[in-house]
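To start, the structure itself, in C-alpha coordinates.
These numbers come from a predicted model, not from an experiment.
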Amino acid sequence: MISCIVIGAGPGGIVATKELIEKGFTDVLCLEQSTELGGVFTKSYDNLLLTSSVTFSMFSDFWVGEGKSHHFWTKEEAVEYWKGYAQHYNVVEHIRFNSKVKSVVSNNNHSWQITIATGESFTCKNLILATGNNNIPRFPEWHNKLTDVFYSHSKDYKNADRFKGKRVLVVGGGESGSDVAYEISQVAEQCWVSLRESTGWIVPRKRGEHAADVSTHRGIWDLPRDYGKQLSPFVLKLERSRKDPVFDALADLNDKVKASKGIWGIYGTKTLALPKAIAHHGCKVVDDIVKVENGGKLLTSKSGDILNDVDAIVFSTGYHNQNDFMPEGLKICDPRQLYKHMFHLDYGDRLAWIGWARPGFGSQFPIMEMQSRYCALIFSKEMKLPNLESMKTNIEAFMVNYKDQFEGNCDRIRSLVDYHHYMNDMSKIIGCRPPIVKYFFTNPKLWLHLMYGPTQATQFRLKGPGKKVKLAKEIIYKLPISTYNHIVKAGLKGRLQYFVKAIFPNVIYQSVYRIGR
(Lines give C-alpha, C1' and ligand atoms only; values in the text may rest on other atoms or scores of the structure.)
Protein backbone atom coordinates (compact mmCIF):
# COMPACT_ATOMS: atom_id res chain seq x y z
CA MET A 1 0.00 0.00 0.00
CA ILE A 2 1.27 3.45 -0.95
CA SER A 3 1.48 6.00 1.88
CA CYS A 4 -0.06 8.85 -0.11
CA ILE A 5 -1.34 9.54 -3.60
CA VAL A 6 -1.62 13.09 -4.93
CA ILE A 7 -4.02 13.63 -7.84
CA GLY A 8 -2.87 16.45 -10.11
CA ALA A 9 0.59 17.83 -10.95
CA GLY A 10 -0.28 21.49 -11.16
CA PRO A 11 1.34 23.86 -8.67
CA GLY A 12 -0.79 22.49 -5.81
CA GLY A 13 0.10 18.88 -6.55
CA ILE A 14 3.78 19.68 -6.98
CA VAL A 15 4.13 21.53 -3.69
CA ALA A 16 2.02 18.93 -1.84
CA THR A 17 4.28 16.13 -3.12
CA LYS A 18 7.38 18.09 -2.20
CA GLU A 19 6.18 18.73 1.37
CA LEU A 20 5.37 15.05 1.84
CA ILE A 21 8.85 14.10 0.61
CA GLU A 22 10.39 16.53 3.10
CA LYS A 23 8.40 14.83 5.87
CA GLY A 24 9.99 11.50 5.02
CA PHE A 25 7.37 9.94 2.72
CA THR A 26 9.41 7.97 0.21
CA ASP A 27 6.60 6.26 -1.71
CA VAL A 28 4.45 9.27 -2.64
CA LEU A 29 2.78 8.91 -6.04
CA CYS A 30 1.48 11.92 -7.98
CA LEU A 31 -0.95 11.08 -10.80
CA GLU A 32 -1.17 13.54 -13.68
CA GLN A 33 -3.49 13.03 -16.62
CA SER A 34 -1.45 15.03 -19.15
CA THR A 35 2.07 14.61 -20.48
CA GLU A 36 3.64 17.41 -18.45
CA LEU A 37 3.31 19.15 -15.12
CA GLY A 38 1.61 22.54 -14.78
CA GLY A 39 -2.08 21.68 -14.57
CA VAL A 40 -4.70 23.95 -16.10
CA PHE A 41 -2.09 26.65 -16.76
CA THR A 42 -0.67 24.66 -19.65
CA LYS A 43 -4.09 24.69 -21.34
CA SER A 44 -5.01 28.32 -20.73
CA TYR A 45 -5.29 31.09 -23.32
CA ASP A 46 -2.25 32.02 -25.38
CA ASN A 47 -1.45 35.40 -23.85
CA LEU A 48 -2.05 34.51 -20.20
CA LEU A 49 -0.04 36.69 -17.85
CA LEU A 50 -0.26 35.89 -14.14
CA THR A 51 -1.86 38.64 -12.10
CA SER A 52 0.40 38.06 -9.10
CA SER A 53 4.01 39.15 -9.42
CA VAL A 54 6.93 36.75 -9.32
CA THR A 55 7.57 37.90 -5.76
CA PHE A 56 4.15 36.68 -4.64
CA SER A 57 3.89 33.70 -6.98
CA MET A 58 7.15 32.01 -5.97
CA PHE A 59 7.26 29.21 -3.44
CA SER A 60 8.94 30.03 -0.14
CA ASP A 61 12.19 28.10 -0.58
CA PHE A 62 13.01 28.32 -4.28
CA TRP A 63 14.41 31.65 -5.45
CA VAL A 64 13.16 33.03 -8.75
CA GLY A 65 16.43 34.62 -9.82
CA GLU A 66 17.91 38.08 -9.55
CA GLY A 67 16.17 41.12 -10.98
CA LYS A 68 12.75 39.52 -11.40
CA SER A 69 10.92 40.80 -8.32
CA HIS A 70 8.57 43.08 -10.29
CA HIS A 71 8.08 40.68 -13.18
CA PHE A 72 4.84 38.86 -14.03
CA TRP A 73 5.12 35.35 -15.43
CA THR A 74 3.64 34.23 -18.69
CA LYS A 75 2.13 30.76 -18.46
CA GLU A 76 5.28 29.33 -20.06
CA GLU A 77 7.52 31.03 -17.50
CA ALA A 78 5.34 29.84 -14.60
CA VAL A 79 5.50 26.25 -15.82
CA GLU A 80 9.28 26.49 -16.26
CA TYR A 81 9.61 27.70 -12.66
CA TRP A 82 7.49 24.80 -11.39
CA LYS A 83 9.56 22.35 -13.45
CA GLY A 84 12.75 23.73 -11.90
CA TYR A 85 11.21 23.53 -8.43
CA ALA A 86 10.03 19.95 -9.01
CA GLN A 87 13.47 18.89 -10.26
CA HIS A 88 15.27 20.64 -7.40
CA TYR A 89 13.19 18.83 -4.77
CA ASN A 90 13.08 15.46 -6.60
CA VAL A 91 9.34 15.69 -7.17
CA VAL A 92 9.48 14.68 -10.84
CA GLU A 93 10.51 11.10 -10.04
CA HIS A 94 7.27 10.73 -8.04
CA ILE A 95 4.99 11.91 -10.87
CA ARG A 96 3.31 9.45 -13.20
CA PHE A 97 2.16 11.21 -16.35
CA ASN A 98 -0.60 10.07 -18.74
CA SER A 99 -2.48 8.75 -15.72
CA LYS A 100 -6.04 10.04 -15.85
CA VAL A 101 -7.98 9.05 -12.74
CA LYS A 102 -11.28 7.32 -13.55
CA SER A 103 -12.51 6.42 -10.07
CA VAL A 104 -11.71 6.69 -6.40
CA VAL A 105 -13.21 4.24 -3.90
CA SER A 106 -13.08 4.38 -0.12
CA ASN A 107 -12.30 0.90 1.19
CA ASN A 108 -13.61 -0.59 4.42
CA ASN A 109 -10.11 -0.66 5.90
CA HIS A 110 -9.92 3.15 5.59
CA SER A 111 -7.69 3.00 2.54
CA TRP A 112 -8.37 4.42 -0.92
CA GLN A 113 -8.41 2.60 -4.23
CA ILE A 114 -7.61 4.76 -7.25
CA THR A 115 -8.18 3.41 -10.75
CA ILE A 116 -6.74 5.15 -13.80
CA ALA A 117 -7.79 5.07 -17.46
CA THR A 118 -5.42 2.21 -18.31
CA GLY A 119 -7.28 0.00 -15.84
CA GLU A 120 -4.45 -0.05 -13.31
CA SER A 121 -5.35 0.43 -9.67
CA PHE A 122 -3.41 1.78 -6.72
CA THR A 123 -4.17 1.56 -3.01
CA CYS A 124 -3.11 4.26 -0.59
CA LYS A 125 -3.60 5.27 3.01
CA ASN A 126 -3.86 9.02 2.43
CA LEU A 127 -5.21 10.93 -0.56
CA ILE A 128 -4.70 14.52 -1.70
CA LEU A 129 -6.91 16.17 -4.33
CA ALA A 130 -4.87 18.86 -6.07
CA THR A 131 -6.86 19.11 -9.29
CA GLY A 132 -7.92 22.68 -8.63
CA ASN A 133 -11.50 23.88 -8.99
CA ASN A 134 -11.26 25.05 -12.61
CA ASN A 135 -12.54 21.83 -14.13
CA ILE A 136 -16.32 21.94 -14.66
CA PRO A 137 -17.44 25.21 -16.32
CA ARG A 138 -20.43 26.99 -14.85
CA PHE A 139 -23.03 28.75 -17.02
CA PRO A 140 -26.08 30.90 -16.20
CA GLU A 141 -29.42 29.22 -16.85
CA TRP A 142 -30.21 31.44 -19.83
CA HIS A 143 -27.39 29.87 -21.86
CA ASN A 144 -29.80 27.00 -22.64
CA LYS A 145 -31.74 29.38 -24.90
CA LEU A 146 -28.73 30.05 -27.14
CA THR A 147 -29.58 28.11 -30.28
CA ASP A 148 -28.45 30.49 -33.04
CA VAL A 149 -25.20 31.98 -31.75
CA PHE A 150 -21.82 30.45 -31.03
CA TYR A 151 -21.02 30.28 -27.34
CA SER A 152 -18.14 28.91 -25.29
CA HIS A 153 -16.54 29.13 -21.85
CA SER A 154 -13.31 30.97 -21.12
CA LYS A 155 -11.86 27.56 -20.17
CA ASP A 156 -11.74 26.83 -23.91
CA TYR A 157 -10.67 30.31 -25.05
CA LYS A 158 -7.24 30.51 -26.70
CA ASN A 159 -7.20 33.78 -28.65
CA ALA A 160 -9.49 36.30 -30.38
CA ASP A 161 -8.95 35.11 -33.96
CA ARG A 162 -12.42 33.64 -34.48
CA PHE A 163 -14.08 36.83 -33.21
CA LYS A 164 -12.67 39.25 -35.79
CA GLY A 165 -15.39 41.53 -37.12
CA LYS A 166 -18.02 39.89 -34.88
CA ARG A 167 -20.43 41.28 -32.33
CA VAL A 168 -19.45 39.53 -29.12
CA LEU A 169 -20.70 39.44 -25.55
CA VAL A 170 -18.34 38.43 -22.73
CA VAL A 171 -20.19 37.41 -19.56
CA GLY A 172 -18.24 38.00 -16.35
CA GLY A 173 -15.62 40.53 -15.33
CA GLY A 174 -13.06 38.63 -13.29
CA GLU A 175 -9.42 38.44 -14.32
CA SER A 176 -9.95 35.93 -17.11
CA GLY A 177 -13.10 37.65 -18.35
CA SER A 178 -11.32 41.00 -18.41
CA ASP A 179 -8.39 39.64 -20.38
CA VAL A 180 -10.72 37.92 -22.85
CA ALA A 181 -12.80 41.08 -23.29
CA TYR A 182 -9.68 43.16 -23.92
CA GLU A 183 -8.39 40.82 -26.62
CA ILE A 184 -11.77 40.48 -28.32
CA SER A 185 -12.55 44.21 -28.18
CA GLN A 186 -9.45 44.91 -30.26
CA VAL A 187 -10.67 42.83 -33.21
CA ALA A 188 -14.48 42.67 -32.87
CA GLU A 189 -16.99 44.98 -34.51
CA GLN A 190 -18.52 45.40 -31.05
CA CYS A 191 -17.70 43.88 -27.68
CA TRP A 192 -19.94 44.03 -24.61
CA VAL A 193 -19.24 42.81 -21.09
CA SER A 194 -22.15 41.71 -18.93
CA LEU A 195 -21.66 42.13 -15.18
CA ARG A 196 -24.09 40.79 -12.62
CA GLU A 197 -23.13 43.60 -10.25
CA SER A 198 -19.51 44.59 -10.69
CA THR A 199 -16.07 43.30 -11.47
CA GLY A 200 -13.84 42.53 -8.56
CA TRP A 201 -11.90 45.49 -7.19
CA ILE A 202 -9.63 46.42 -10.08
CA VAL A 203 -5.98 47.24 -9.49
CA PRO A 204 -3.17 47.44 -12.05
CA ARG A 205 -0.47 44.81 -12.15
CA LYS A 206 2.12 47.55 -11.95
CA ARG A 207 2.36 51.13 -10.77
CA GLY A 208 5.22 52.55 -12.75
CA GLU A 209 7.98 49.96 -12.75
CA HIS A 210 6.88 48.42 -9.46
CA ALA A 211 4.58 45.44 -9.06
CA ALA A 212 1.46 46.75 -7.35
CA ASP A 213 1.08 43.69 -5.12
CA VAL A 214 4.28 44.59 -3.27
CA SER A 215 1.81 46.82 -1.38
CA THR A 216 -0.13 43.73 -0.27
CA HIS A 217 1.76 43.88 3.01
CA ARG A 218 1.06 43.79 6.73
CA GLY A 219 1.36 47.56 6.97
CA ILE A 220 -2.14 47.86 5.52
CA TRP A 221 -3.60 44.34 5.51
CA ASP A 222 -3.25 43.75 9.26
CA LEU A 223 -5.78 46.52 9.89
CA PRO A 224 -9.41 45.69 10.83
CA ARG A 225 -11.54 45.00 7.76
CA ASP A 226 -13.98 47.79 8.67
CA TYR A 227 -11.27 50.16 7.52
CA GLY A 228 -12.12 49.14 3.97
CA LYS A 229 -15.07 51.54 4.14
CA GLN A 230 -12.62 54.44 4.28
CA LEU A 231 -9.77 52.97 2.26
CA SER A 232 -11.90 52.38 -0.84
CA PRO A 233 -13.06 55.99 -1.49
CA PHE A 234 -9.53 57.15 -0.74
CA VAL A 235 -8.15 54.87 -3.47
CA LEU A 236 -10.95 55.85 -5.88
CA LYS A 237 -10.15 59.52 -5.43
CA LEU A 238 -6.50 58.83 -6.17
CA GLU A 239 -7.31 56.93 -9.37
CA ARG A 240 -9.56 59.72 -10.68
CA SER A 241 -6.89 62.32 -9.94
CA ARG A 242 -4.70 60.77 -12.63
CA LYS A 243 -6.90 62.30 -15.37
CA ASP A 244 -6.31 59.18 -17.44
CA PRO A 245 -9.22 57.60 -19.38
CA VAL A 246 -8.08 54.11 -18.38
CA PHE A 247 -8.03 54.95 -14.69
CA ASP A 248 -11.32 56.85 -15.05
CA ALA A 249 -12.83 53.63 -16.42
CA LEU A 250 -11.19 51.70 -13.57
CA ALA A 251 -12.70 54.07 -11.00
CA ASP A 252 -16.14 53.86 -12.64
CA LEU A 253 -16.02 50.06 -12.43
CA ASN A 254 -14.76 50.02 -8.85
CA ASP A 255 -17.46 52.51 -7.92
CA LYS A 256 -19.99 49.77 -8.75
CA VAL A 257 -18.67 47.64 -5.87
CA LYS A 258 -21.35 47.87 -3.19
CA ALA A 259 -19.69 45.69 -0.54
CA SER A 260 -19.90 47.49 2.81
CA LYS A 261 -16.20 46.82 3.42
CA GLY A 262 -15.28 48.04 -0.05
CA ILE A 263 -11.98 46.70 -1.32
CA TRP A 264 -11.91 44.16 1.53
CA GLY A 265 -15.41 42.90 0.84
CA ILE A 266 -14.73 41.51 -2.61
CA TYR A 267 -12.00 39.81 -4.63
CA GLY A 268 -9.28 41.55 -6.59
CA THR A 269 -9.20 41.86 -10.37
CA LYS A 270 -5.53 42.59 -10.86
CA THR A 271 -5.46 43.73 -14.45
CA LEU A 272 -6.21 46.90 -16.42
CA ALA A 273 -7.55 44.84 -19.32
CA LEU A 274 -11.21 45.79 -18.99
CA PRO A 275 -10.58 49.51 -18.34
CA LYS A 276 -8.32 49.55 -21.41
CA ALA A 277 -10.99 47.79 -23.48
CA ILE A 278 -13.51 50.46 -22.41
CA ALA A 279 -11.22 53.47 -22.77
CA HIS A 280 -9.51 52.54 -26.04
CA HIS A 281 -11.55 49.93 -27.88
CA GLY A 282 -15.21 50.85 -27.44
CA CYS A 283 -16.09 47.96 -25.13
CA LYS A 284 -19.43 48.57 -23.38
CA VAL A 285 -20.49 47.33 -19.96
CA VAL A 286 -24.07 46.14 -19.50
CA ASP A 287 -25.97 44.58 -16.61
CA ASP A 288 -26.94 40.96 -16.15
CA ILE A 289 -28.77 39.45 -19.13
CA VAL A 290 -32.45 38.83 -18.33
CA LYS A 291 -34.03 38.20 -21.74
CA VAL A 292 -32.91 36.04 -24.67
CA GLU A 293 -34.62 36.25 -28.06
CA ASN A 294 -33.96 34.97 -31.58
CA GLY A 295 -31.83 32.14 -30.27
CA GLY A 296 -29.45 34.59 -28.59
CA LYS A 297 -29.06 37.13 -31.39
CA LEU A 298 -31.14 39.64 -29.40
CA LEU A 299 -30.36 40.08 -25.71
CA THR A 300 -31.76 42.45 -23.08
CA SER A 301 -29.99 43.41 -19.86
CA LYS A 302 -31.55 44.02 -16.46
CA SER A 303 -31.43 47.79 -16.96
CA GLY A 304 -32.91 47.59 -20.48
CA ASP A 305 -29.79 47.64 -22.64
CA ILE A 306 -30.51 46.01 -26.02
CA LEU A 307 -27.76 43.92 -27.66
CA ASN A 308 -28.59 43.45 -31.34
CA ASP A 309 -27.19 41.01 -33.90
CA VAL A 310 -25.06 39.11 -31.40
CA ASP A 311 -22.74 36.64 -33.13
CA ALA A 312 -20.96 34.99 -30.22
CA ILE A 313 -20.89 34.79 -26.43
CA VAL A 314 -17.95 33.88 -24.19
CA PHE A 315 -18.85 32.91 -20.64
CA SER A 316 -16.28 33.67 -17.97
CA THR A 317 -18.64 32.62 -15.22
CA GLY A 318 -16.53 30.39 -13.04
CA TYR A 319 -16.54 26.72 -12.25
CA HIS A 320 -18.26 24.09 -10.15
CA ASN A 321 -16.25 22.61 -7.29
CA GLN A 322 -16.57 19.09 -8.64
CA ASN A 323 -14.58 15.92 -9.28
CA ASP A 324 -16.68 13.26 -10.98
CA PHE A 325 -14.18 10.46 -10.28
CA MET A 326 -14.75 10.76 -6.52
CA PRO A 327 -17.26 8.59 -4.59
CA GLU A 328 -20.85 9.74 -4.14
CA GLY A 329 -20.99 12.46 -1.52
CA LEU A 330 -17.54 13.70 -2.50
CA LYS A 331 -18.04 14.48 -6.18
CA ILE A 332 -19.36 17.95 -5.40
CA CYS A 333 -17.64 19.50 -2.46
CA ASP A 334 -18.33 22.81 -0.74
CA PRO A 335 -14.99 24.31 0.36
CA ARG A 336 -16.78 26.25 3.09
CA GLN A 337 -17.77 22.97 4.74
CA LEU A 338 -14.17 21.72 4.84
CA TYR A 339 -11.98 22.43 7.83
CA LYS A 340 -9.58 25.13 6.61
CA HIS A 341 -10.93 24.49 3.10
CA MET A 342 -8.98 21.21 3.29
CA PHE A 343 -10.40 18.44 5.47
CA HIS A 344 -13.82 16.77 5.21
CA LEU A 345 -15.41 16.17 8.60
CA ASP A 346 -16.41 12.59 7.70
CA TYR A 347 -12.96 11.57 6.45
CA GLY A 348 -10.62 13.43 8.78
CA ASP A 349 -6.93 12.89 8.16
CA ARG A 350 -7.46 10.39 5.31
CA LEU A 351 -8.25 12.99 2.66
CA ALA A 352 -7.21 16.57 1.93
CA TRP A 353 -8.01 19.15 -0.73
CA ILE A 354 -5.20 21.47 -1.84
CA GLY A 355 -6.10 24.60 -3.81
CA TRP A 356 -9.73 25.06 -2.82
CA ALA A 357 -9.02 28.42 -1.14
CA ARG A 358 -9.06 31.44 -3.46
CA PRO A 359 -7.62 34.66 -2.00
CA GLY A 360 -9.45 37.94 -2.50
CA PHE A 361 -6.03 39.59 -2.87
CA GLY A 362 -2.61 38.01 -2.59
CA SER A 363 -1.79 34.81 -4.46
CA GLN A 364 -3.14 31.26 -4.45
CA PHE A 365 0.33 29.66 -4.58
CA PRO A 366 1.46 30.61 -1.04
CA ILE A 367 -1.88 29.31 0.22
CA MET A 368 -1.32 26.00 -1.59
CA GLU A 369 2.09 25.76 0.03
CA MET A 370 0.76 26.53 3.50
CA GLN A 371 -1.99 23.95 3.07
CA SER A 372 0.58 21.39 1.89
CA ARG A 373 2.79 22.02 4.91
CA TYR A 374 -0.15 21.49 7.25
CA CYS A 375 -1.29 18.40 5.35
CA ALA A 376 2.19 16.84 5.54
CA LEU A 377 2.26 17.46 9.28
CA ILE A 378 -1.14 15.79 9.68
CA PHE A 379 -0.38 12.81 7.45
CA SER A 380 2.97 12.24 9.19
CA LYS A 381 1.24 12.33 12.61
CA GLU A 382 3.43 15.19 13.80
CA MET A 383 0.17 17.07 14.31
CA LYS A 384 -3.42 15.98 14.80
CA LEU A 385 -6.62 17.53 13.54
CA PRO A 386 -8.86 19.02 16.22
CA ASN A 387 -11.76 16.87 17.37
CA LEU A 388 -14.94 16.83 15.29
CA GLU A 389 -16.85 19.35 17.40
CA SER A 390 -13.95 21.80 17.39
CA MET A 391 -13.69 21.60 13.59
CA LYS A 392 -17.44 22.15 13.24
CA THR A 393 -17.26 25.17 15.54
CA ASN A 394 -14.31 26.57 13.57
CA ILE A 395 -16.10 26.14 10.24
CA GLU A 396 -19.21 27.87 11.60
CA ALA A 397 -17.18 30.75 13.05
CA PHE A 398 -15.34 31.31 9.79
CA MET A 399 -18.63 31.23 7.88
CA VAL A 400 -19.98 34.01 10.12
CA ASN A 401 -16.82 36.06 9.62
CA TYR A 402 -16.79 35.61 5.85
CA LYS A 403 -20.49 36.40 5.52
CA ASP A 404 -19.82 39.63 7.37
CA GLN A 405 -16.79 40.48 5.24
CA PHE A 406 -17.74 39.21 1.78
CA GLU A 407 -21.55 39.33 2.07
CA GLY A 408 -23.10 37.85 -1.11
CA ASN A 409 -19.67 36.97 -2.51
CA CYS A 410 -19.25 34.55 0.39
CA ASP A 411 -22.15 32.44 -0.87
CA ARG A 412 -21.47 32.89 -4.58
CA ILE A 413 -17.71 32.17 -4.52
CA ARG A 414 -17.42 29.30 -2.08
CA SER A 415 -13.62 29.15 -2.21
CA LEU A 416 -13.07 32.86 -1.48
CA VAL A 417 -10.91 33.65 1.57
CA ASP A 418 -9.14 36.65 3.02
CA TYR A 419 -5.48 35.97 2.19
CA HIS A 420 -3.90 37.59 5.26
CA HIS A 421 -6.42 36.19 7.71
CA TYR A 422 -6.10 32.72 6.21
CA MET A 423 -2.29 32.72 6.17
CA ASN A 424 -2.06 34.15 9.68
CA ASP A 425 -4.53 31.56 10.95
CA MET A 426 -2.79 28.63 9.28
CA SER A 427 0.67 29.80 10.36
CA LYS A 428 -0.55 30.07 13.94
CA ILE A 429 -1.85 26.48 13.82
CA ILE A 430 1.39 25.18 12.28
CA GLY A 431 3.56 27.34 14.54
CA CYS A 432 5.35 29.19 11.75
CA ARG A 433 3.95 32.72 12.11
CA PRO A 434 6.86 35.16 12.26
CA PRO A 435 7.23 37.06 15.57
CA ILE A 436 6.73 40.53 14.10
CA VAL A 437 6.82 42.48 17.37
CA LYS A 438 9.96 40.67 18.52
CA TYR A 439 11.76 41.53 15.27
CA PHE A 440 10.87 45.21 15.73
CA PHE A 441 13.25 45.25 18.71
CA THR A 442 15.78 42.55 17.78
CA ASN A 443 16.07 42.86 13.99
CA PRO A 444 14.59 46.11 12.65
CA LYS A 445 15.78 45.38 9.09
CA LEU A 446 13.91 42.07 9.02
CA TRP A 447 10.86 43.71 10.66
CA LEU A 448 10.77 46.34 7.90
CA HIS A 449 10.80 43.65 5.20
CA LEU A 450 8.06 41.67 6.95
CA MET A 451 5.82 44.68 7.54
CA TYR A 452 6.28 46.55 4.29
CA GLY A 453 7.43 43.85 1.92
CA PRO A 454 4.83 41.59 0.32
CA THR A 455 3.30 39.01 2.66
CA GLN A 456 4.45 36.12 0.53
CA ALA A 457 5.35 32.58 1.55
CA THR A 458 8.99 32.95 2.60
CA GLN A 459 8.33 34.83 5.83
CA PHE A 460 6.61 31.69 7.13
CA ARG A 461 9.92 29.80 6.97
CA LEU A 462 11.54 31.74 9.81
CA LYS A 463 10.30 29.53 12.63
CA GLY A 464 8.36 26.38 13.44
CA PRO A 465 8.10 23.07 11.58
CA GLY A 466 9.74 23.27 8.18
CA LYS A 467 11.76 26.35 9.07
CA LYS A 468 14.69 27.27 6.84
CA VAL A 469 15.94 30.36 8.61
CA LYS A 470 19.14 31.07 6.66
CA LEU A 471 17.51 30.56 3.27
CA ALA A 472 14.43 32.51 4.31
CA LYS A 473 16.42 35.55 5.38
CA GLU A 474 18.50 35.46 2.20
CA ILE A 475 15.34 35.53 0.08
CA ILE A 476 13.44 38.05 2.21
CA TYR A 477 16.28 40.55 2.08
CA LYS A 478 16.28 40.30 -1.72
CA LEU A 479 12.57 41.04 -2.01
CA PRO A 480 11.34 44.60 -2.63
CA ILE A 481 9.92 46.83 0.06
CA SER A 482 6.97 49.04 -0.75
CA THR A 483 7.72 52.62 -1.63
CA TYR A 484 6.22 55.32 0.58
CA ASN A 485 3.07 55.33 -1.51
CA HIS A 486 -0.65 55.94 -0.97
CA ILE A 487 -1.17 52.46 0.48
CA VAL A 488 1.55 52.92 3.09
CA LYS A 489 0.13 56.33 3.97
CA ALA A 490 -3.39 54.92 4.26
CA GLY A 491 -2.08 52.15 6.51
CA LEU A 492 -0.34 54.62 8.81
CA LYS A 493 -3.48 56.76 8.99
CA GLY A 494 -5.54 53.70 9.78
CA ARG A 495 -3.22 52.65 12.58
CA LEU A 496 -3.35 56.13 14.05
CA GLN A 497 -7.13 56.11 13.79
CA TYR A 498 -7.53 52.78 15.59
CA PHE A 499 -4.97 53.80 18.22
CA VAL A 500 -6.97 56.95 19.00
CA LYS A 501 -10.17 54.91 19.05
CA ALA A 502 -8.66 52.47 21.54
CA ILE A 503 -7.42 55.24 23.84
CA PHE A 504 -10.46 57.51 23.49
CA PRO A 505 -13.36 55.21 22.52
CA ASN A 506 -16.00 57.92 22.92
CA VAL A 507 -14.26 60.51 20.77
CA ILE A 508 -15.27 61.04 17.16
CA TYR A 509 -12.12 60.03 15.30
CA GLN A 510 -13.06 60.49 11.67
CA SER A 511 -10.95 63.64 11.51
CA VAL A 512 -7.83 61.57 12.23
CA TYR A 513 -8.23 59.87 8.89
CA ARG A 514 -8.18 63.24 7.18
CA ILE A 515 -4.71 64.05 8.44
CA GLY A 516 -2.37 64.49 5.52
CA ARG A 517 -5.06 64.13 2.86
Side-chain angles (χ1 to χ4, degrees), residues 1-10 12-17 19-21 23-33 39 94-136 319-357 368 371-392 394-395 414-415:
M1 182 186 296
I2 299 171
S3 297
C4 184
I5 288 180
V6 179
I7 301 178
I14 295 166
V15 71
T17 302
E19 290 299 325
L20 289 168
I21 293 169
K23 279 299 168 191
F25 290 87
T26 58
D27 59 345
V28 182
L29 176 62
C30 179
L31 299 175
E32 169 55 42
Q33 64 180 344
H94 292 267
I95 302 174
R96 176 165 172 163
F97 296 101
N98 295 309
S99 299
K100 182 179 178 63
V101 174
K102 299 299 290 185
S103 69
V104 173
V105 176
S106 177
N107 296 325
N108 291 332
N109 65 350
H110 293 282
S111 65
W112 298 96
Q113 183 173 324
I114 293 91
T115 303
I116 62 176
T118 62
E120 295 175 86
S121 291
F122 308 91
T123 304
C124 66
K125 182 179 180 181
N126 300 112
L127 178 64
I128 291 177
L129 291 180
T131 57
N133 55 5
N134 288 6
N135 295 312
I136 311 297
Y319 300 84
H320 295 287
N321 298 310
Q322 183 172 333
N323 278 305
D324 288 335
F325 56 72
M326 291 296 288
E328 291 300 327
L330 292 176
K331 292 180 185 294
I332 299 175
C333 190
D334 180 2
R336 298 233 182 266
Q337 296 303 315
L338 302 176
Y339 177 65
K340 304 305 176 190
H341 285 232
M342 293 179 64
F343 293 101
H344 195 289
L345 297 184
D346 293 339
Y347 292 86
D349 60 5
R350 296 176 55 207
L351 172 64
W353 280 257
I354 301 295
W356 265 255
M368 290 175 179
Q371 289 179 326
S372 298
R373 291 175 66 180
Y374 185 45
C375 183
L377 288 165
I378 296 297
F379 285 2
S380 67
K381 306 300 183 184
E382 287 189 33
M383 294 186 70
K384 292 183 178 180
L385 290 174
N387 62 47
L388 184 61
E389 287 305 313
S390 295
M391 289 194 289
K392 284 182 178 178
N394 185 273
I395 289 170
R414 305 297 290 179
S415 57

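- Applying the ring-ring contact (aromatic ring centres under 6.0 Å, His included) criterion to Phe97, with sequence neighbours excluded, gives no partner residue.
- Val104 places a side-chain heavy atom less than 4.5 Å from the side chain of Leu127.
- Ile128 places a side-chain heavy atom less than 4.5 Å from the side chain of Phe379.
- The minimum heavy-atom distance linking Asp27 with Ile2 is given by the pair O-CG2, 3.0 Å.
- Under the 3.5 Å distance criterion, with hydrogens and angles disregarded, a donor-acceptor pair is assigned to the side chains of Ser121 and Thr115.
- Here the side chains of His320 and Ile332 are not in contact, with every heavy-atom distance at 4.5 Å or above.
- In the displayed structure, Lys125 atom NZ is contacted under 6.0 Å by at most 12 heavy atoms of other residues, nucleotides or ligands.
- For the 3.5 Å distance criterion, the side chains of Arg336 and Ser415 fail to qualify, holding no donor opposite an acceptor.
- Smallest separation of non-hydrogen atoms from Phe343 and Gly348: CD2-O, 3.4 Å.
- The heavy-atom pair separating Ser106 from Arg350 by the smallest distance is OG-NH2, 3.0 Å.
- Heavy-atom minimum distance, Arg414 versus His341: O-CE1, 3.5 Å.
- Under the 3.5 Å distance criterion, with hydrogens and angles disregarded, a donor-acceptor pair is assigned to the side chains of Thr131 and Asn323.
- Under 4.0 Å is where a charged nitrogen must lie from a carboxylate oxygen, and between Lys384 and Asp349 no such pair does.
- The shortest non-hydrogen separation linking Gln337 to Ile395 is O-CD1, 3.5 Å.
- Residues Ala9 and Cys30 approach most closely at CB-SG, 3.8 Å, considering heavy atoms.
- In this structure, CZ in Phe122 is found 11.0 Å from CD in Gln113, a value given to the nearest 0.5 Å.
- Between Trp112 and Tyr347, the ring center distance clears the sub-6.0 Å criterion.
- Side-chain contact between Leu129 and Phe325 is present, with heavy atoms from C-beta onward closer than 4.5 Å.
- The existence of a salt bridge linking Glu120 and Lys102 is excluded, since no basic side-chain nitrogen approaches an acidic carboxylate oxygen closer than 4.0 Å.
- Using a 4.0 Å cut-off between charged nitrogen and carboxylate oxygen, Arg96 and Glu32 do not count as a salt-bridge pair.
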